[in-house]
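The structure presented is a predicted model; accordingly, all values stated were derived computationally and were not measured. Excluded from the calculations below are hydrogen atoms, water molecules and symmetry mates; all remaining heavy atoms, backbone and side chain alike, are included. Count residues from 1 along the sequence.
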Amino acid sequence: MERRFESRLDEMMEQAKVTPELLQGLLPRLTQFLEPFLESLREPEQRQHAVEYATGLISGLERKTGEGIAYLYDQDRQGIQKFIGQIHWEHQPLLCTLAAQVGEELGESDGVIVFDPSAFPKKGDKSVGVAMQWCGRLGKVENCQVGVYMAYATRKEHAIVNTRLYLTEDWAKDRGRRKEAGVPESIKFRTRHQLALEMLAECGGDLPHTWIAGDDEMGRPTGFRLELRALGERYLLAVPSNTLIRDIESPLPEYSGRGRPFKNPFTRVDKWCAKLPEDAWTAIDVRDGEKGPLVIEAVKTQIRARTETGGTGLVEVLFVTRERQADNIYKFDYYLSNAEPNVKLEEFARVAKAEHRVEECFERAKGEAGLGDYQVRNWIAWHHHQTLSLLAAWFLNKETRRGKKTHTRPDVSATTAVDRRTNRCAHADEPDCFTLSSKHAVAHAERTSTLLPQSFT
C-alpha cells in the first residue's frame, strides 16, 4: 500500500471509534432522511420499496441484490425486483436533490467538482453497456460496465452526487441490444467527457466550486480542457506521463540569426521531470489530520501541450507532485491547469488531494452501500440501483459526521445500549434483525466496548 493511503487509513480508523449508542435510532433516521428524495415517487408502495432497498444497501448483507434485500424483509423477491428493474420512475430528480443537499451541507466557495469513471467487471454480453473496455479496478481492458461519476469535495467532506452509464459507440448503434436492455431512444452516443459536461450543466450550479478535477482519463483529451475553459471553469486535471509538453519558461535555444527563432522542443512530461535539479522541488505538507506531517514535493511551470492532431495547445500550468514510497522510489503525478500562473503550489496540492479523496467515496459506496452489488441487466435497473446506492452512501456520510459531533459518555457500554433497546418496540416495517455493514465507520465499536447491538431502532 502506498504511504499516502496508509496514512489516510490510519486517520479513517481513528475516526471509526464510536460508541454503539450512536447507532440507536438509525433506521428511523434513514426513513426521515429519504423523505425529501422520495417526494417525486407517486405511489406509496414505491416509496416503501425505496426505503426497504436503501435499508438493505447499508445492511450487513454479503450481496446487496434485490433478491437478498427482499429476503432480509422476508418478502417475495418480485416486488422489490420489479421496483428496481421494471417500474418506470425517474431517478434524476433524486440525484438533483442529492446534489443540492450535498452542496448545502458541504459547500465551500473553493470546493472541487471531481469527475471519475469507474468500471464494474461483468460476465457475458447481456448487461446494458457491457463491453471490452478499460477497467481501472483490474488495471486492464476487460469485459465491464463503466459509469462516469460526479463527486464534490471540500475541507468538510466529499460525496458522489451524480452518475451516467457510458455506452460504447458500438452499443449505442446496436438497435437490437438497445431494445433488449431498454435503452431509451433519446439516449445517443456520448463520450465519457460529454457525459461529465452534461452532469456539470445539470448539477454544477448547486455545488459551490472554484475547481474541476479528474484523473488522467479525464485530463488526456485537449477538447475536454478547452470545453471547460470555454465554460469559464478552472480545472486541474491529471494527465498521463507520456503527455508531450513544451516548457515556455525555460531559456530558449540560442538564436543563430537566420530563419525563425528556435522554440523549446516538445518532450514527455516524465522526461522533463527527470531533468529537474533537486532544488526545483518544494516540500508541501498536505495532511489535514492529526497524525503528523505528510509531505509531498511539487513543482510548476507554464507549458503548451501537444494536441491529439499534432498542433500546439494553449498556455497551461503544469503541476507535478512526487512522493517517496516505502521502496525509496518516487511516485509522480502530473496535472494540467488553466489557472493563473501565480496560484500557489499549496492550492494546487489541495485540489489534487481532493481528486484522490474521491477514491474514498467509491470505497465507501462499493464497500458499505452496495454500489457494485447489483445483478441487473437493463437501463432503468442500473440507474435505479446506482441512485439508491448513492443516497445510502450519503446517509452513511451524514451518520459518520453526526458521530463526530455527538458527545457520548465514556462509561456507557454497548451492553447498556442493547439492554435499553429491549424496552422499546421495533418499527413495524423494519426487518427482525438488521446489522449495519461492518465496513462502515459507524459500525465499529470502540475498543473498550465488548458487544455490538444486532438491531437498531
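You'll find the ring centres of Phe120 and Tyr374 inside the 6.0 Å limit. Ring-centre distance between Phe362 and Tyr149: below the 6.0 Å cut-off. Taking the six-membered ring for Trp and the full ring otherwise, the centers of Tyr166 and Trp171 sit at least 6.0 Å from each other.
In this structure the side chain of Ile245 reaches within 4.5 angstrom of the side chain of Leu318, judged on heavy atoms. Between Thr307 and Thr312 there is no side-chain heavy-atom pair separated by less than 4.5 Å. A heavy-atom distance below 4.5 Å is not found between the side chains of Ser40 and Glu90. With a 4.5 Å cut-off on side-chain heavy atoms, Glu227 and Arg225 do not count as touching. Proximity of Glu323 to Tyr330: side-chain heavy atoms (C-beta onward) are nowhere separated by under 4.5 Å.
In plain terms, the two heavy atoms of Gly182 and Trp379 that are nearest each other are O-CB, 3.5 Å. The shortest heavy-atom contact between Val351 and Ala213 is CG1-CB, 4.2 Å. The heavy-atom pair separating Leu388 from Phe83 by the smallest distance is CD1-CE2, 3.9 Å. Residues Asp373 and Glu62 approach most closely at OD2-O, 3.9 Å, considering heavy atoms. Closest approach of Ala50 and Leu41 over heavy atoms only: CB-CD1, 4.2 Å. Between Thr154 and Gly111, the shortest heavy-atom distance links the atoms CG2-CA, 4.0 Å.
A salt bridge links Arg164 with Glu202; the closest basic N to acidic carboxylate O contact falls under 4.0 Å. Glu360 has no carboxylate O lying under 4.0 Å from a charged side-chain N of Arg364, or vice versa, which leaves the two without a salt bridge. A salt bridge links Arg29 and Glu399; the closest N-O separation between the charged side-chain nitrogens and carboxylate oxygens is under 4.0 Å. With respect to the salt-bridge test (charged N to carboxylate O, under 4.0 angstrom), the residues Glu340 and Arg234 qualify. In this structure, Lys140 pairs ionically with Glu142, as a charged nitrogen and a carboxylate oxygen lie closer than 4.0 Å. Ion pair Asp170/Arg177 not flagged as a salt bridge, since none of the NZ, NE, NH1 or NH2 atoms sits closer than 4.0 Å to an Asp/Glu carboxylate oxygen. Under the 4.0 Å criterion applied to side-chain N and carboxylate O atoms, Arg304 and Glu316 are not assigned as salt-bridge partners. Under a 4.0 Å N-O distance rule, the pair Lys156/Glu108 does not qualify as a salt bridge. Ionic pairing of Lys398 and Glu105 is present here: one or more N-O contacts between side-chain nitrogen and carboxylate oxygen are shorter than 4.0 angstrom. Looking at Glu278 and Arg322, a side-chain N of the basic residue comes within less than 4.0 Å of a carboxylate O on the acidic one, giving a salt bridge.
Side-chain atoms of Glu249 and Thr301 include a donor-acceptor pair closer than 3.5 Å. When only modelled atom types and interatomic distance are considered, Asp110 and Trp211 share no side-chain donor-acceptor pair under 3.5 Å. For Thr222 and Glu308, the side-chain atoms include at least one donor-acceptor pair closer than 3.5 Å.
Side-chain atoms of Ser389 come within 3.5 Å of backbone N or O of Ala369 as a donor-acceptor pair. Side chain of Asn143 to backbone of Gly124: a donor-acceptor contact under 3.5 angstrom is found. Under the 3.5 Å distance criterion, the side-chain polar atoms of Lys353 are matched with a main-chain donor or acceptor of Val286. Side-chain atoms of His158 never come within 3.5 Å of backbone atoms of Val112 as a donor-acceptor pair (strictly under, hydrogens ignored). Proximity of a side-chain donor or acceptor of Arg306 to a complementary backbone N or O of Gly310 within less than 3.5 Å is detected. Looking only at distances, a side-chain donor or acceptor of Gln145 sits under 3.5 Å from a matching main-chain atom of Val128. No donor-acceptor pair under 3.5 Å is formed between the side chain of Thr243 and the backbone N or O of Val239. The backbone N or O of Leu345 lies less than 3.5 Å from no partner atom in the side chain of Arg350, so there is not a single donor-acceptor pair. Put simply, the side chain of Asn378 gets close to the backbone of Gly85: a donor and an acceptor are under 3.5 Å apart. Distance alone, capped at 3.5 Å, is enough to place a donor-acceptor pair between the Gln386 side chain and the Leu371 backbone.
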Problem set entry | Pair Lys366-Ser118, side chain to side chain donor-acceptor pair (under 3.5 Å): steps then yes or no | CA-CA 11 Å; Lys366 291 180 179 180; Ser118 185; 2.9 Å; yes
For this session: Take Leu390 and Val161, measure what side-chain contact (heavy atoms from CB on, under 4.5 Å) needs, and give me the verdict at the end.
Result: CA-CA 7 Å; Leu390 294 184; Val161 300; over 6 Å; no
Exercise. Stepwise, does the side-chain contact (heavy atoms from CB on, under 4.5 Å) test hold for Leu38 with Leu94?
Worked result: CA-CA 7 Å; Leu38 305 185; Leu94 281 68; 4.2 Å; yes
For this session: Decide side-chain contact (heavy atoms from CB on, under 4.5 Å) for Trp394 and Leu98; before the verdict, give the C-alpha distance in whole Å, the side-chain angles of both, and the deciding distance to 0.1 Å.
Result: CA-CA 8 Å; Trp394 172 235; Leu98 173 62; 3.5 Å; yes
Problem set entry | side chain to side chain donor-acceptor pair (under 3.5 Å) evaluation trace for Ser250 with Asn264 | CA-CA 8 Å; Ser250 296; Asn264 287 321; 4.8 Å; no
For this session: Please report the C-alpha distance between Leu165 and His383 in whole Å, then the side-chain angles of each, then the deciding distance to 0.1 Å, and finally whether the side-chain contact (heavy atoms from CB on, under 4.5 Å) criterion is met.
Result: CA-CA 8 Å; Leu165 177 63; His383 286 88; 3.8 Å; yes
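Going from atom CD of Glu157 over to atom SG of Cys361 covers 7.5 Å, rounded to the nearest 0.5 Å. How far CG of Leu231 is from CG of Leu226: 11.0 Å, rounded to the nearest 0.5 Å. Rounding to the nearest 0.5 Å gives a distance of 8.0 Å between CG of Leu228 and CE of Met218. Put simply, CZ on Arg192 and OG1 on Thr168 are 9.5 Å apart, with the number rounded to the nearest 0.5 Å. Interatomic distance, Lys271 NZ to Leu244 CG, rounded to the nearest 0.5 Å: 9.5 Å. Atoms CD and CD1, from Glu233 and Ile212 in turn, are 4.5 Å apart once rounded to the nearest 0.5 Å.
Among the candidates His384, Lys64, His385, the single residue satisfying the side chain to side chain donor-acceptor pair (under 3.5 Å) test with Tyr53 is His385.
No more than 12 heavy-atom neighbours from other residues, nucleotides or ligands sit within 6.0 angstrom of CD on Glu104. Atom CZ of Arg377 is surrounded by 12 or fewer heavy atoms from other residues, nucleotides or ligands within 6.0 Å.
Taking the six-membered ring where the residue is Trp, Phe332 and Tyr334 present parallel rings, their angle staying beneath 30° rather than reaching 60°.
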